[in-house]
J.: 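Take a look at this one; I'll ask things after.
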2 protein chains.
Amino acid sequence: MGKADDTLIDTPADTLADDVPATTGQGVQSVDRALGILEVLARIGEAGVTEIAGELGVHKSTAFRLVATLEAHRLVEQTTDRGRYRLGVGILRLAGATTARLDLVQEARPICRQLAADTGETVNVAVLSESSALYLDQVAGSSALQPHNWVGQHIPLHATSNGKVLLSGLDDAALDAVLGKLAPYTPQTITRRAPLREELARVRTQGYALAVDELEVGLAAVAAPIRNAHGDVVASMSVSGPSFRMPQDRLDAAVALVVAAAVEVSHRLGWGHR
Amino acid sequence: MGKADDTLIDTPADTLADDVPATTGQGVQSVDRALGILEVLARIGEAGVTEIAGELGVHKSTAFRLVATLEAHRLVEQTTDRGRYRLGVGILRLAGATTARLDLVQEARPICRQLAADTGETVNVAVLSESSALYLDQVAGSSALQPHNWVGQHIPLHATSNGKVLLSGLDDAALDAVLGKLAPYTPQTITRRAPLREELARVRTQGYALAVDELEVGLAAVAAPIRNAHGDVVASMSVSGPSFRMPQDRLDAAVALVVAAAVEVSHRLGWGHR
DNA sequence: GACTGCGTTTCGTCGAGCGCAACAACTCGT
DNA sequence: ACGAGTTGTTGCGCTCGACGAAACGCAGTC
């Protein structure tokens, strides 16, 4: 009886397991290693050939040849001639193409722009990916000294408005599978399961989520769900800015605007049709 | 066979053609092909194994194995089981790692220096902020008299070349939200909406903006847009100097140089053609 | 129900990619 | 200033891993 959770094992089986440790060991070896290099660089930021080779467990020359190939495609670049390597602009070009083909981003972008203009704050679109929130798009508000570009970053689910919205779309089993330890980022962070469940229930009923000083002191955000044709929560859209610029009345206004915007995007994705 | 052509390998290769058709032919073959697949998918958006194989000029099974390896690293994903392939979220994760260290000012600075050296005039980088242009960086030209430092200053949008470029990236709604009263600074300042819209349309088509005696009599400037991976105008780069030092021919030369410099910075930020 | 397209799998062969070792440039430590 | 110890880079043979051909299972479609 207690082992009912075994149904989780039905998952495609290769979806989980080894996500971090360099190479997966399956597939075309050299490609596998080359992609491992990209992941190493993403994790470390900057590394020399020797360091990369050590990380992958291959010979220096092998690592060098792979890196050189990656460099020819601009996926990595070296800081200086005969210097260390880091991820290059080719990645960004690919990322641009990736989001360009996501109809979610395409449909949401003009609405995000409008929302950013109306609120004057930064707008983000996020989806659930591998136990965290993955930010797909960001439109800076009118007060645009780009606060920080979160696109592509993985953000904790329990400490952000977007995260709460995404979690609110899951059932209890999926929730347990996704939630790990609830790390505290500020004194306001929700760190226990029970209060989080209550908060999620509240998000479900009221149709939006708030997060003030929960990820970072001085940061306030409000998010609303984006649904597909089946009504599933596929993404979340948020407005965020410094707390001092977000008094109660502006926050209320932002709630109304972001909910309306998210509903509009949902409609464009086929939600609410009969 | 063709023997003498070996000298081709000596080419500096730092400014090689950025439109890599598919595979570069050099480096580790299978990695080269795998990265070619990513580029094909970036271009086409979605493709089947057979189509990819045709594009690369390899056998179906080879393409499949490469795609499977890419899929294991989440760089591609298939729309449905036994379906077509497209770029995956792994790309976005990698992109997040690159944007984290990507700073507009930092990437632009060496190019600004070069531009300042080539033109002998002052170079500025500006972004849109709070209904005006915010100057982020400045590199003084070779000329002795130092113009006053604009970094950190908010400058009217309608009377500067940088401002026009930044405005040219907005749609009509955003334009109305940002534009207030068009204050006259000199007799040349554009103070009415309609002529300004025409000017912005001109900026969009020709890819740069001019401003002569519009903010201050005797001050001439030319600016070009800096774009991110999505093609959005995120910043503007300008060359400016006293009008008496800027006859028509020098102005023309400055236009070409600043446009080229802005394109170069855009590339570093992930902007690809089209 | 045969046909035709797809993505996927298996398998034997051969050449591409591997590890080795020598090379070149750069940084320390004394 | 000078080697000792790094680093990134490059030929070179051997071998194992990646390749292509063909077969397979599964969709649609006439």
Side-chain angles (χ1 to χ4, degrees), chain A residues 12-15 22-38 40-41 44-73 75-88, chain B residues 1 6-14 22-38 40-41 44-73 75-88:
Chain A
D14 55 346
T15 52
T23 66
T24 67
Q26 70 175 16
V28 178
Q29 187 189 57
S30 51
V31 175
D32 200 40
R33 288 171 168 175
L35 302 185
I37 290 178
L38 292 180
V40 166
L41 288 177
I44 300 183
E46 221 179 79
V49 168
T50 310
E51 188 176 359
I52 294 172
E55 203 78 29
L56 291 188
V58 299
H59 196 269
K60 259 198 319 183
S61 64
T62 303
F64 172 75
R65 250 175 288 114
L66 295 173
V67 167
T69 307
L70 291 170
E71 190 187 13
H73 287 257
L75 294 191
V76 306
E77 60 194 21
Q78 39 190 352
T79 59
T80 148
D81 276 343
R82 295 187 92 82
R84 300 160 71 78
Y85 287 88
R86 62 179 183 191
L87 294 177
Chain B
M1 324 304 187
D6 288 352
T7 54
L8 280 180
I9 306 195
D10 289 341
T11 52
D14 50 0
T23 65
T24 65
Q26 69 176 14
V28 178
Q29 187 189 57
S30 49
V31 175
D32 199 40
R33 288 171 168 175
L35 302 184
I37 291 179
L38 292 180
V40 165
L41 288 178
I44 301 183
E46 216 181 86
V49 169
T50 309
E51 188 176 358
I52 293 173
E55 202 77 30
L56 292 187
V58 299
H59 195 270
K60 258 200 318 184
S61 62
T62 303
F64 173 75
R65 249 176 288 113
L66 295 173
V67 166
T69 306
L70 291 170
E71 189 186 12
H73 286 258
L75 295 190
V76 306
E77 59 195 20
Q78 38 191 351
T79 61
T80 145
D81 275 344
R82 301 187 89 82
R84 300 160 71 79
Y85 288 88
R86 60 184 181 189
L87 295 176

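Chain A is the first sequence line, chain B the second, and so forth, proteins listed ahead of strands; every chain is numbered from 1.
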J.: Please report the C-alpha distance between B/His73 and A/Asp32 in whole Å, then the side-chain angles of each, then the deciding distance to 0.1 Å, and finally whether the side chain to side chain contact (heavy atoms under 4.5 Å, CB included) criterion is met.
T.: CA-CA 8 Å; B/His73 286 258; A/Asp32 200 40; 2.5 Å; yes
J.: Of the options B/Leu66, B/Ile52, B/Leu38, which is the one that meets B/Val76 in a side chain to side chain contact (heavy atoms under 4.5 Å, CB included)?
T.: B/Leu38
J.: Under 3.5 Å, is there a donor-acceptor pair between the side chain of A/His59 and the main chain of A/Ser61?
T.: yes
J.: Any side-chain N or O of A/Gln29 less than 4.0 Å from the OP1 or OP2 oxygen of D/dC16?
T.: no
J.: Is the shortest side-chain heavy-atom distance between A/Arg86 and A/Glu77 below 4.5 Å?
T.: yes
J.: What's the CD1-C1' distance between A/Ile52 and C/dG19, to the nearest Å?
T.: 18 Å
J.: Testing the basics here: between B/Val28 and A/Thr69, what is the closest heavy-atom pair and its distance to 0.1 Å?
T.: N-OG1, 2.8 Å
J.: How sharply is the helix from C/dG1-D/dC30 to C/dC23-D/dG8 bent, taking the axes over five pairs at either end and rounding to 10 degrees?
T.: 40°
J.: Within this structure, what is the CG-to-C1' distance between B/Leu66 and C/dG17, rounded to whole angstrom?
T.: 14 Å
J.: For D/dG17, does either OP1 or OP2 sit under 4.0 Å from a side-chain N or O belonging to A/Ser30?
T.: no
J.: Between B/Glu46, B/Lys60, B/Arg84, which is the residue that forms a side chain to side chain contact (heavy atoms under 4.5 Å, CB included) with B/Glu51?
T.: B/Arg84
J.: To the closest 0.5 Å, what do you measure between CD1 (B/Ile37) and OG1 (B/Thr62)?
T.: 9.5 Å
J.: Classify every nucleotide of nucleotides 4-10 of chain C by which part a protein heavy atom approaches to under 4.0 Å, writing B for the base, S for the sugar-phosphate alone and - for neither, in 5'-to-3' order.
T.: ---BBB-
J.: Measure the distance from CD on A/Glu77 to P on D/dG8 and round it to the nearest whole Å.
T.: 16 Å
J.: How close do B/Tyr85 and B/Val49 get, heavy atom to heavy atom, and via which atoms?
T.: CE1-CG2, 3.7 Å
